[in-house]
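Sequence lines set the chain letters: A, B, ... in the order given, protein chains first and strands last, and positions in each chain run from 1.
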2 protein chains.
Amino acid sequence: MKRFTKHTVKNSLKRIFLYRASLTRMKLLGVEKIYSYTLSDETGVTPDQIRKDFSEFGITGNKRGGYDVNDLIDKMEKIFHRNKDHNLVLIGMGNLGSALSKYNKFVHKSMNIVATFDIDPFKQKIRSDIPVYSLSRLKEIIDRFKVKVAIIAVPEIAAQEIADDLIKTGIKGIINFAPVLLKTPADVIVNNVNLCDELESVIYYVHNQMKSDSAKNLEQLYKGTKY
Amino acid sequence: MKRFTKHTVKNSLKRIFLYRASLTRMKLLGVEKIYSYTLSDETGVTPDQIRKDFSEFGITGNKRGGYDVNDLIDKMEKIFHRNKDHNLVLIGMGNLGSALSKYNKFVHKSMNIVATFDIDPFKQKIRSDIPVYSLSRLKEIIDRFKVKVAIIAVPEIAAQEIADDLIKTGIKGIINFAPVLLKTPADVIVNNVNLCDELESVIYYVHNQMKSDSAKNLEQLYKGTKY
DNA sequence: TAGATTGTTAATCGATTAACAATC
DNA sequence: TAGATTGTTAATCGATTAACAATC
């Protein structure tokens, strides 16, 4: 049965992203060993929480000896399946779509946009590192490259139709930049990224913080802040 | 004291975004009155949770009569301070930055990017609806337009320096598209949007779901899904 | 009014935090 | 070894869910 789904990423998984970002930075600075309290200083997550998260994802260190930075990063790469290649397709080569298609280069090498699609035949002719196809070839390309995850960057009005098409081809995960709730079967993961909402939430917190002058009220507000 | 901060938006606030998206859609379809269970069908959030959230944000309906769609939307606009104008600046006019600057038009009228900045003098000359300034004019422009929130879309390497500059000018909220943890004072809200992480989390869930074939295991996985 | 739905209080569940035993 | 840090179990906290009294 199709329904509106808003998939929310587990907090612990989000923190793993945070740890990895911090660890990568520390590795560049030449750090080789860390303790849970060192990583805590860097990320703002409590040492207990860090160890709990590591435990959840089956990451172990050495009692007394802390954790090996390279080893930690390796284990996290595995969690994110970076040891395998992931072919992606991107639908919609408007402003955001073409920015994302170029973004590809900055992204870890295991993620690869193999094809982009647009209804506009003009955009299909624009020279680009990644080919731009007509939507009629969606199934063909997705099958050929065994694509499981798609990026939707089409206008609001077209998003549901594209999602339906993608699901018919067997796509199992969608990252959706269109500001609409997509109706999808329960076995399709949808991650909505709504840039407008993200901006508004900053405005919300900035404004509500500015209303209260005292440090105490500020503290109160920050209770809503998680790591 | 400066530290790494990763601000997480409250779940209840995220759900308010979800409700608004659904309500806006229903309004277009001509719906005028809804009940908590109607909205539940549309959003997948339980009626209890919806009423609890409404209560938290001071939104009331009519016992027996449900809620007026227009009234709900109005109240939510107030929550997001859409009744006021918000001037924004955007730093970094690369691929993503220029896409975001054009995105401006799709965004609610209360949010307005008044200026963009880039170190590249060439980009400063490109004709655009929104002027592109040199970074040397950051403080001048931010002061003039009373900007409180900035969008960072510069490369990883430059992000911290830009953040420092912005904070010196009195910026209180940052939406950061660079994949780095910014060190900021506690009274500055940072909302990190990491497109690579968002993609990886989809891959994570798709992959971990595919490993388990039985419906039961699938259900297990979905325990991590919140609305 | 009777019935249905809200708004809120109480119960449950899950996630975070604290504590500590295991151990390098 | 003694001391320090992990990994896990127990306690606490907060958020979600259920229940129900208020009321239109």
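- For the pair B:Q49 CD and D:dG14 P, the computed distance is 17 Å after rounding to whole Å.
- Nucleotide C:dT17 is matched to D:dA10 when pairs are restricted to Watson-Crick or G-U wobble geometry with both distances under 3.5 angstrom.
- Under a 4.0 Å N-O distance rule, the pair A:D197/B:R20 qualifies as a salt bridge.
- Among the atoms of the strands shown, none is found under 4.0 Å from any heavy atom of B:S12.
- Look at NZ on B:K52: it is 16 Å from P on D:dC20, rounded to the nearest Å.
- One can place CZ of B:R64 at 17 Å from C1' of D:dA21, the figure rounded to the nearest angstrom.
- For the pair A:N176 (side chain) and A:A178 (backbone), a donor-acceptor distance under 3.5 Å is present.
- Considering only side-chain N and O atoms, B:S55 lies under 4.0 angstrom from the phosphate OP1 or OP2 of C:dT8.
- Applying the 4.0 Å criterion to OP1 and OP2 of D:dT17, one finds that B:T46 has a side-chain N or O inside that range.
- C:dT5 and D:dA22 make up a base pair, with Watson-Crick or G-U wobble contacts both under 3.5 Å.
- A:K75 and A:D71 are joined by a salt bridge, as a carboxylate oxygen and a charged side-chain nitrogen come within less than 4.0 angstrom of each other.
- Look at OH on A:Y67: it is 7 Å from C1' on D:dG7, rounded to the nearest Å.
- With respect to B:E56 and B:K10, a salt bridge is recorded, a charged nitrogen being found less than 4.0 Å from a carboxylate O.
- Using a 4.0 Å heavy-atom criterion, one finds that A:F54 contacts no nucleic acid atom at all.
- In this structure, NZ of B:K63 is placed 8 Å from C1' of D:dA21, rounded to the nearest angstrom.
- Residue B:N62 is classed as a sugar-phosphate contact, given heavy-atom separations below 4.0 Å to backbone atoms only.
- B:R51 has its CZ atom 16 Å from the P atom of D:dA22, to the nearest Å.
- At whole-Å resolution of the value, CG in B:N11 and P in C:dG14 are 15 Å apart.
- Contacts of B:G65 with the nucleic acid, taken as non-hydrogen atoms under 4.0 Å apart, are absent.
- Between B:D74 and B:K78 there is no salt bridge, since none of the side-chain N atoms of the basic residue sits less than 4.0 Å from a carboxylate O of the acidic one.
- Sequence order on DNA chain C of the closest nucleotides to A:D48 and B:Y35 puts B:Y35 first from the 5' end.
- A straight line from CD1 of A:I50 to P of D:dT6 spans 9 Å, rounded to a whole angstrom.
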